[in-house]
Every structure is written in C-alpha cells, then in structure tokens.
Amino acid sequence: MADTQLPPRIGIDRPGSFSRSVFHERHPVLIANLIADNTYPSHIRDRLEALLAETLEGTVPPEVPPGPNRPFWEAEIARCVGTPWNDLPFLWAESYFYRRILDAVDHFAPARVFYGADPFAPQKQAQLDGAELRTDLEAYAALTERDSTSQDRAERRQALLRAALWGNQADLGFRTTTAIAGQSDIVVDDSPAIWDLIDGPGSGPVIVVADNAGRELTADLALIDAILETAPVELHLKPHPYFVSDATGRDLLATLDALAADPNKPVQALAQRLRDAIRGDRLRLRAHGFYVLPTTYRHLPPDLAADFRAARLVILKGDLNYRRLVGDREWDAATPFGEVVDYFPGDVAALRTAKSDLAVGIDPVRLTELDNASPEWRVSGTHAMMQVLH
Ligand SMILES: O=P(O)(O)OC[C@H]1O[C@](O)(CO)[C@@H](O)[C@@H]1O
C-alpha cells in the first residue's frame, strides 16, 4: 500500500480516546512511580514534574534532547517546535516523551551521577525478583521435563510460542499452555505458518525483535531456545531504556543471571544453552538506534532492511512494534494484514497482545462479534494476535 493511501495518524487530541488517556491519566502515574522508585535529588524530580506539566498543557520547546540519533531529532524538533503536545501524533509524542525522560534524569549526561542509569531499572528488577516470574519458571520446568515424543515436542513448541505471545501482556506467561490457553482470546492465529517458516529451508537466521524485559523477555528466551534447535537466531534489543520496560542488553544479561540462579534444573540448563549459543555465535545479539525512533518499519535504515531480507523470518514482539509495523493509524481493522505490510523486506510475524487502538487483518464477522462483546478489546491486553506475512 502506498504512503498516500494510508489512513490518518492516531493523535492524542480526542477527549475520551485511549491515546489521550495514556498522556493524561497514565503518564502522571508513570512520573510519580519514577520519583518514588528512584533516589533522585530535587532538581531531577523538578525536571520530571516540569516535563509532565509540559506534556499536559505545553508545546514542544526548541532544545534537542541529548542522545543518539541526534540529526534525526534535530530535524523532527525543527518541524514540531511550538506545536502543542495535544496536537502531536501519538507515536511521535510517546517516543519523544521517553527521550525527554532520559534527558531529565541525566541518562545521557557524561560525568553526572545518574549517567547511564536506567530510570526503569527498579520496576524491571521487581519483575525479575517477583513471584509471578517464579511461577512462570516452575511451569517452564514442568513443560520441558515431559518432552519425549514428537507430539510432546510439537505441544511444547506451541506452548512456548504462546507463552512468548502472552508474555507481552506480562500477565499469563508460561501458565498459558495449549490446553488452557483460551483460544477465543487469540483473535488471529497464524502459528502454523510461523513454524513452517522457522523450520523451512535456508541458512538465514530467525530475527526476534524483543519488546519488554522481565517476564516477556524470559518467555522470549525460552522460545528462542526452541527455535535454536532448527535455526540460528538474532535477538534485537533496544540500545537504551525506552517505553518503561523495553529490553536492553543489560536487561538480557540480568535475565540470564536470574535464569542461571533459578532453583529449577531445567531453567539453569536453559540459561546454560543460551549462554553457549551466544558464545558460539548461534545466538547473535544486536542493538540498533532505529528501535528507539518514532518512525515506522516502512522507513527502515538500509542495514536493518538488508538483515530482514536475509532472515528466514522476522518476529516482531509486542504492541509498539505492531504500531510501527502497521503504522499508528486509524485503520479499518478488517483491512488485510498482508495488504498493510506488503512493503516489508522479508517474511514477518507480529506477536502482540492488543494494547492500543489499532488492529488490522481481523475477519469482519469476528470483528463485529468482538466490538459487540467487549468494546475495550483493542486496548485491554486481553486479546492477542499472531499474524504472518510471507
Ligand atoms: O510493551 P508493548 O507491548 O510494546 O506496549 C506498549 C504500549 O504501551 C503504550 O505505551 C501505552 O501505555 C502503548 O502506546 C504501547 O503500544
């Protein structure tokens, strides 16, 4: 689909809309949490509160916040300076908001005390230490221990795929098995095509573009371990903190440590296999500046486009990646997925729980049922989709 045919961008100006509630209801809590969780001196707390006030009632200032991708942000801010936040596109405004948070907490200020510190680290660590993750890992251990027949293996792989899917909700995780998954909540399930592509011919890797740290990344790593049985994998991570719990390289290392320290032997073995795969370059790790920009996958940098073209499958995790893949726009949800993402340079699978207004590729009859049964289904995280273009 050509750029000129795309529907209007989702904004944050409409009262009662989900996107507006993110800025006007969630962000005040987010800033309060940052202040409560971190030992910030008053000048950093003041900056965070000023940023929040600016996003609620102010306009985009001319200063370019420090950090990577500076030329990009210089051009963007020159274009948007003086624009009221409420008139900005949702995706752009969120991306800029998180960069401004990093500026407020001195993340990119060398020689300052909080330089490089992740403002979301306390929340991420709480998930790694939490009882829910322990339950996930118990379930993982039970799942892998009974693997003997080929049918068990197929069920295990499918359970791991679903755990990675629901891990995006950071709620169900490994408790989601084939038996108790509640298929009705998976609105589109292209999982057979996903496995066909993973198991297919060719020497290219499966690229997994990660989303959140904590329970989601743990589930993703268990899925990656299963994929490694048939294909090399490249795991793409954020180069710096972003959207609260987005996974960085440091989060990956902390997660591997947590898995290695788990009392369950199969979980320790998982950590060991993953570490061996990293050491042997069968599991490659990559961070890229593109993943912290508000642009969509339509505008991929050439190096990433080449990687995606060479991959046997690109798995995009989570809602934010979905928004960037599809375009954060007012889509008719019945628009075919393949029509919307036909620009993508290779085979791609999107695994997300629906946590924002947009969706595509939903069967029209199912769409009517969903809209009638639960109008909040698009944003509540209770509905998931696994969609493939190949
Ligand atoms: O972690 P995910 O699945 O990318 O979801 C992040 C989602 O959270 C939000 O930022 C809302 O808080 C959405 O805009 C976004 O799509």
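One-based numbering, in listed order, for ligands and for the atoms of each.
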If you have a sec, work out which protein heavy atom is nearest [atom] and how many Å separate them, to one decimal?
atom: atom 2 (P) of ligand 1; result: Asp211 OD2, 2.9 Å
atom: atom 8 (O) of ligand 1; result: Arg26 NH1, 4.5 Å
atom: atom 9 (C) of ligand 1; result: Glu94 OE2, 3.8 Å
atom: atom 14 (O) of ligand 1; result: Arg323 NH1, 2.4 Å
atom: atom 5 (O) of ligand 1; result: Asp319 CB, 3.5 Å

_Note, Asn38 side chain near Pro122 side chain (heavy atom, < 4.5 Å)_ =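 Of all side-chain heavy-atom pairs linking Pro122 with Asn38, at least one is under 4.5 Å.
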*Is a side-chain donor-acceptor pair under 3.5 Å present for Ser191 with Gln158?*
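Looking only at side-chain atoms, Ser191 and Gln158 do form a donor-acceptor pair, the distance falling under 3.5 Å.
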_Under 3.5 Å side-chain donor-acceptor pair for Gln387 and Asp190_ =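 Checked: Gln387/Asp190 side chains show no N/O donor-acceptor pair below 3.5 Å.
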Element-labelled atoms of ligand 1 that are located less than 4.0 Å from some non-hydrogen atom of [X]:
X: Gly318; value: 3 (O)
X: Phe90; value: 14 (O)
X: Phe243; value: 10 (O)

_Is there a polar contact, in the sense of an N or O pair closer than 3.5 Å, between Lys355 and ligand 1?_
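Between Lys355 and ligand 1, an N or O pair is found under 3.5 Å apart.
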*Would you say ligand 1 has an N or O under 3.5 Å from any N or O of Leu320?*
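It does: an N or O of Leu320 is found under 3.5 Å from an N or O of ligand 1.
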*Kindly indicate, with the supporting measurements, whether the criterion ring pair (Phe, Tyr, Trp, His ring centres under 6.0 Å) is fulfilled by His240 and Phe108.*
CA-CA 10 Å; His240 59 67; Phe108 293 123; 5.1 Å; yes
*ligand 1 versus Asn168, non-hydrogen atoms closer than 4.0 Å: side chain, backbone, both, neither?*
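The part of Asn168 near ligand 1 is the side chain, not the backbone.
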*Determine the interplanar angle of the Trp92 and Tyr96 rings, folded into 0 to 90°, and report it as parallel if under 30°, tilted if 30 to 60°, perpendicular if over 60°.*
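If you compare the ring of Trp92 with that of Tyr96, the planes turn out tilted.
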*Any idea how Tyr291 and Tyr297 line up, ring-wise: parallel (<30°), tilted (30 to 60°), or perpendicular (>60°)?*
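Ring orientation of Tyr291 relative to Tyr297: tilted.
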*Does Tyr322 have a non-hydrogen atom less than 4.0 Å from ligand 1?*
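In this structure, Tyr322 fails to qualify as a contact of ligand 1 - no heavy atom is under 4.0 Å.
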*In plain terms, say whether Lys355 and Asp319 are close enough for a salt bridge, that is, a side-chain N and a carboxylate O under 4.0 Å apart.*
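No salt bridge links Lys355 with Asp319.
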*Between Asp371 and Arg378, is there a side-chain N and carboxylate O pair less than 4.0 Å apart?*
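Looking at Arg378 together with Asp371, the answer is yes, because their closest N to O distance falls below 4.0 Å.
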